[in-house]
Amino acid sequence: MPPKTNRPRLPKSRRYHWYAVFLFIMGTLFPPLAVAARFGIGKDFWLNLLLTICGYIPGHVHNFYIQNVRNNKTHQRTPKWALRYGLVDGSTIKRHEQRSQWAGRYNDRNPDSGYDHQTLEDGQVGPSRTPTHGSADNPPGDGLWRADDESYYSAEREGSLQTPESGGRWRYPGKFNDPVPEAGDATSRKKKKKDRWARTEDAYTASPGQKKRKKPKKRSTLGDAADVNSTYPDRTESTAEPEFPEEAAGTGYRGGKEGNTQPVSHPDGAAAMVSAFKAFALLLGTASATCANAQVSVDFQVAEPPPVPSNAQTCTVMIFDPPTNCDQPGSWAAVTLNFTVTSNGTQYDRLGIFTFQNTEIWRTSTPEPTYGGIIWTYIKDVTRYVPLFAKPGTFILELDNVVDIQLNGQYATTLYATFYAASEEYPTAGQSNLIVPISTMLNNTAGEASVPLAFSLNVTLPRNTVEIFAELYGSGNGVEEFWYYNTADEYLGDLPAGTTYGGGPFREMRLLVDGQVAGVAFPYAVIFTGGINPSVWRPITSYGALDLPTYFLDLTPFAPTFADGLPHNVTLDVASAEANHTLNQNWYVSGLLQVVTDPSGRPTTGGITCYDVQPYAVTETSASIGGTDVNITVRAQRSLYIEAVVISGSGQENHVVFQQDLNFINTQYYLDNATTQNVAQVSSGSVSSLHNGVSSVVDSFEYPLYINLSYLEITNTSQTFYTTFDHSYNRQVIPAPFILGSKIAERQQTAGYFTVTTTSNAGNGTSNNTFAYINAKGNTYNRQVDTAYDVIIYDQQSGSLATGSLPPSIPNTAYAQNVPAPRLPGNKQIVG
């Protein structure tokens, strides 16, 4: 008797499946016919007819864009006759009419941008959206978030999960009690055939007797010893799931026909559509290659230009000895690094690390090259490292690469530094007296350390040290590249083999001084250009891929400890939410200490007066398992409070208070035997330091991440999948009193297909990027840029830092070429 399988029943072919095949054939023969058959005689038809008359290829590209990429699931773009006769899938339109709970998902958590209501600089464009709250609720300069928004992450809100100002929406307070749904949701819902998202919702809310199968588990840890029951009330499961945002193309993650989501195995009509996509991708790639003549693609990361003096004397050097014709060494107003790289062929993305004087000063990665070649330039502001550049030293760029028959792409790099002389208008940049590296100190390679296991270094500081500010570098590699997709060990066996790795999705970078936790960081999830779907990261990389974020801590409470003149152990490690806090291989970590000394030269005295820090974050893991769906949620919360008195040799007393309040939630949805893999994750928190009541270090952040990965077709020789990403980086940071502070609000939404076969790989994607920057000096930069099929289709910038030069819109030829297979969670491979 053959074994039973959990393969879902194939849905019936719908009329719109066959109509889609008809549209594809018409589009191949004469694009205007396909446009008229889908959208009627209107502006789309006349525009396509004009483009086709100008040339067959433009009409073809326009037809493919409006048929397959543009969001057509609206009444405006769907003729009534097409819906009446079932020629177009109208389930999304109907669903949007019945419920709009996904609309404005991002604004639910971020009611107002920190840039609303602020005075605009010359040439700066105001926000294009309407804030959800009036200006009275969010006065100018009130930060990225309002006070009542921050209160959702405080202990005082523990007993008040739903308030009038919350609007009945889901909230996740600092103590992570279960959110409360809108009143009436549970009783007003009509009985109907449910899709897989509704089944997931039922898995959370159904009683034990109603579930087909359920394995509720919960585990909480608080360092090595804690009263867990005093932190969390007794419960066995979460009662709700976080909401997902709208996809970039305008369709919800639920997708498919209402009550009958299409599974991974397609009927004949749907299979024909997948085959049509493959054929058209190759056709479009060939046409693009012909038109572009294999032009080099310009890749870039959306980021602010360095805020450097506009009319200062500059000196540019390629050998990193301090220049003498741009003021005295160390007295510059600014320093930048200009890094330009070219490559062509087939190659994976590679991690790059810059170190100077054994100190890491920049961590980057390479976009994946194409057959026609790519080039990118990134200008990095390294002004905060001026003390290092004031004297000669060893400069190392570690960019490891493997070249063989299949991976033949090589990287040609150019690097130079620009020094800006100080003037009355642009004085010498603020700086520390000393920078001390936390690295392997090898001086012949980059100084990053691989963890686990923890990396430790003995550090000796001057006895007159009065302030210490730490900066941490860290990134996941190998099995830890997609750490946000890793599943808690206790539920790994409930997923199909090879779905993902264990170790859970929570990561906490820790810095310890003599075994005591001095500060932590919840890292931002950087997605490298070869990650999951490479086609959506061309030509715009994901945020942070070319300049990985770093994390700032105030170690001043430990200044009296270091002032004894003896070596003290400084440790860097990364912890998980697992019972033993271990993780997979590996993370690359390093750091540095910005040290301020007292001019008297006499030893610093004082000590820590209050130390309220647990060794590890408070974590909780729970899951709901039913049928072919597995949903796992991991929560974490970290509070740290250190108070100290630091007395300098000059007799000045500094009362220091350093505290951190950080929160994390990650929910993974593995649906239909993991053929759909969704992640909803939010890291947020605040880091603050007061020196005699004055802010010294500030770091308020929120990093929402929503990913949908759906496998459309899986065979022994190929797999086709569709992805959407909604990724944001919202951060207000002051690294140290002498380092320029800034606010950044960045959001990137992408969508795309990718097909992997045993002989070649191809894909396409779209990307929408919105970026806003302002710093403490009033410099501003705003940019909105959209791409489709590796071509920039919209690009606008404004603000005082805006320049007139933008990357050119050059088609990429990667569609028809063999690019490396994407790296997927769990290192999923094709079965050949």
Backbone of Gly504 reached by a side-chain donor or acceptor of Arg507 within 3.5 Å: yes

CA sep, side-chain torsions, deciding dist, call: Thr619, Arg635, side chain to side chain donor-acceptor pair (under 3.5 Å): CA-CA 5 Å; Thr619 63; Arg635 299 176 171 90; over 6 Å; no

Donor on one side chain, acceptor on other, Asn708 and Ser710, under 3.5 Å: yes

Gln668 and Thr487 side chains, donor-acceptor separation under 3.5 Å: yes

Asp349 and Arg823 ion-paired at < 4.0 Å: yes

Student check: side-chain heavy atoms of Leu511 and Leu472 closer than 4.5 Å: yes

Distance in Å, Ser450 OG paired with Asn586 CG, rounded so as to fall on 0.5 Å steps: 3.5 Å

Minimum heavy-atom distance between Thr621 and Tyr491, given as atom pair plus value: CG2-CE1, 3.8 Å

Heavy-atom pair with the smallest gap, counting every atom of Leu705 and Ala525: CD2-CB, 3.9 Å

Nearest non-hydrogen partners of Phe658 and Gly519, listed with the distance: CE2-CA, 4.4 Å

Check against side chain to side chain contact (heavy atoms under 4.5 Å, CB included), Thr355 and Ile361: CA-CA 6 Å; Thr355 59; Ile361 60 174; over 6 Å; no

Main-chain N/O of Gly503 paired with Asp489 side-chain donor or acceptor, under 3.5 Å: yes

Closest contact, heavy atoms only, Leu399 versus Gly352: CD1-CA, 4.1 Å

Short side-chain donor-acceptor distance under 3.5 Å, Ser689 and Ser696: no

Expected output: side-chain Thr556 to main-chain Glu467 donor-acceptor under 3.5 Å: no

Step-by-step side chain to side chain contact (heavy atoms under 4.5 Å, CB included) determination, Leu583 to Val574: CA-CA 8 Å; Leu583 60 151; Val574 181; 4.0 Å; yes

Gap between atom OG of Ser624 and atom OH of Tyr669 - 0.5 Å precision: 10.5 Å

Trp587 side chain near Trp483 side chain, heavy-atom distance below 4.5 Å: yes

Test item: Ser576 side-chain N/O and Thr582 main-chain N/O as donor-acceptor pair under 3.5 Å: yes

Pair Asp514-Asn569, side-chain donor/acceptor within less than 3.5 Å: no

Donor-acceptor contact present, side-chain Thr529 to main-chain Trp537, <3.5 Å: no

Ring-face cation contact, Tyr543 with Arg747, 6.0 Å cut, 45° max: no

Leu709 CG to Leu824 CG distance, which is reported to the nearest 0.5 Å: 6.5 Å

Gln614-Tyr616 side chain donor-acceptor pair, cut-off 3.5 Å: no

Tyr641 vs Val613, side chain to side chain contact (heavy atoms under 4.5 Å, CB included): CA-CA, chis, key distance, verdict: CA-CA 6 Å; Tyr641 184 90; Val613 184; 6.0 Å; no

Check: Tyr485 and Gln677 side chains under 4.5 Å, non-hydrogen atoms: yes

Spacing of OG belonging to Ser686 relative to CG belonging to Leu662, to within rounding of 0.5 Å: 7.0 Å

Distance-only polar pair, side chains of Asp573 and His581, donor-acceptor under 3.5 Å: no

Short side-chain donor-acceptor distance under 3.5 Å, Thr550 and Glu471: yes

Nearest-0.5 Å distance, CD of residue Gln357 to OH of residue Tyr385: 14.0 Å

Side chain Gln659, main chain Leu690, donor-acceptor under 3.5 Å: no

Ser432 versus Val595, closest heavy-atom pair with distance: CB-O, 3.4 Å

Student check: side-chain heavy atoms of Phe528 and Leu548 closer than 4.5 Å: yes

Exercise: do Gln637 and Asn663 side chains pair donor with acceptor under 3.5 Å: no

Geometric cation-pi criterion, Lys380 with Phe354: 6.0 Å, 45°: no

Donor-acceptor pair between Asn730 and Ser728 side chains, under 3.5 angstrom: no

Mutual orientation of the aromatic rings belonging to Phe522 and Phe506 [parallel < 30°, tilted 30-60°, perpendicular > 60°]: perpendicular

Any donor-acceptor pair under 3.5 Å from Arg384 side chain to Pro735 backbone: no

Between Glu702 and Ser684: side-chain donor-acceptor atoms closer than 3.5 Å: no

Check: Glu746/His727 side-chain N/O donor and acceptor closer than 3.5 Å: no

Side chain Asn666, main chain Pro505, donor-acceptor under 3.5 Å: no

Side chain to side chain contact (heavy atoms under 4.5 Å, CB included) between Val520 and Gln660, worked out: CA-CA 8 Å; Val520 302; Gln660 295 182 287; 3.6 Å; yes

Gln585 (side chain) donor-acceptor with Val479 (main chain) under 3.5 angstrom: no

Heavy-atom check, side chain of Thr667 versus side chain of Val679, under 4.5 Å: no

Within-4.5 Å side-chain heavy-atom neighbours: Tyr670 and Thr499: yes

Side-chain touch Phe455/Leu457, heavy atoms, less than 4.5 angstrom: yes

Value rounded to 0.5 Å, distance of CG in Asp629 from CG in Asn673: 8.5 Å

Plane angle bin for Tyr703 and Tyr729 - parallel if under 30°, tilted between 30 and 60°, otherwise perpendicular: parallel

Asn486 vs Thr500 side-chain heavy atoms within contact, under 4.5 Å: yes

Closest heavy-atom pair and its distance - Pro822, Ile532: CB-O, 3.3 Å

Asp699/Arg731 salt bridge by N-O under 4.0 Å criterion: yes

Pairs involving residues 438-449, ordered by first then second residue, that meet side chain to side chain donor-acceptor pair (under 3.5 Å) (sequence neighbours left out): Glu398-Thr445

Check: Ser365 side chain, Leu546 main-chain N or O, donor-acceptor pair, under 3.5 Å: no

